[in-house]
Amino acid sequence: SDGVVAGLRSRSPEGCTPKMLCLGDSVERMRSLYGTPLVADREMGRYDEYYGADVYCWLQITADAVVKDMTVQCKP
């Protein structure tokens, strides 16, 4: 929809999740904080995803050995 925020992205090292996962952290730290991710192949690439109780939003992470990009995606 027009005028609706459907996601928030962080590419700043100071941009951390409430559990203090930050860009540049290891995949091991990501998994220790959030568990095993659901690996999803999307239009723009492969992502590690974590779904919470709110099925309308989820945490989408791009990582190889370290966390490179984090986005909270939401269904508008």
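A quick note: this is a predicted structure, and the numbers were derived from the prediction, not measured. Numbers here simply count residues along the sequence, with the first being 1.
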In short, Met70 meets Ile61 closest at the heavy-atom pair CG-CG1, 4.0 Å
Between Tyr34 and Thr17, is any pair of side-chain heavy atoms under 4.5 Å apart?
yes
Spatial distance of atom CE (Met20) from atom CG (Leu33) [nearest 0.5 Å]:
10.0 Å
Scanning both residues in full, the closest heavy-atom pair of Ala63 with Val27 reads CB-CG2, 3.9 Å
Closest non-hydrogen atoms of Arg9 and Asp69, given as atom of the first, atom of the second and distance, are NE-OD2, 3.2 Å
Could you tell me which residues satisfy side-chain contact (heavy atoms from CB on, under 4.5 Å) with Asp41, sequence neighbours excluded, listed by chain and number?
Arg46
Begin with the C-alpha distance, continue with both residues' side-chain angles, and end with the deciding distance and a verdict on side chain to side chain contact (heavy atoms under 4.5 Å, CB included) for Glu49 and Arg42.
CA-CA 11 Å; Glu49 296 183 343; Arg42 304 267 182 216; 2.7 Å; yes
Taking all heavy atoms of Val67 and all of Ser26, pick out the closest pair and write down the distance.
CG2-O, 4.4 Å
Can you pull out every salt bridge (charged side-chain N to carboxylate O under 4.0 Å, His left out) where at least one residue sits in residues 12-28? Sequence neighbours excluded, please.
Asp25-Arg29
Qualifying residues under ring pair (Phe, Tyr, Trp, His ring centres under 6.0 Å), relative to Tyr47, sequence neighbours excluded
none
Of all the heavy-atom pairs spanning Pro37 and Met30, show the shortest one and how long it is.
CG-CE, 4.4 Å
What pair of heavy atoms forms the shortest contact from Tyr50 to Trp58, and how long is it?
O-CB, 3.3 Å
Evaluation steps, side chain to side chain contact (heavy atoms under 4.5 Å, CB included), between Val39 and Asp48:
CA-CA 5 Å; Val39 178; Asp48 294 323; 3.7 Å; yes
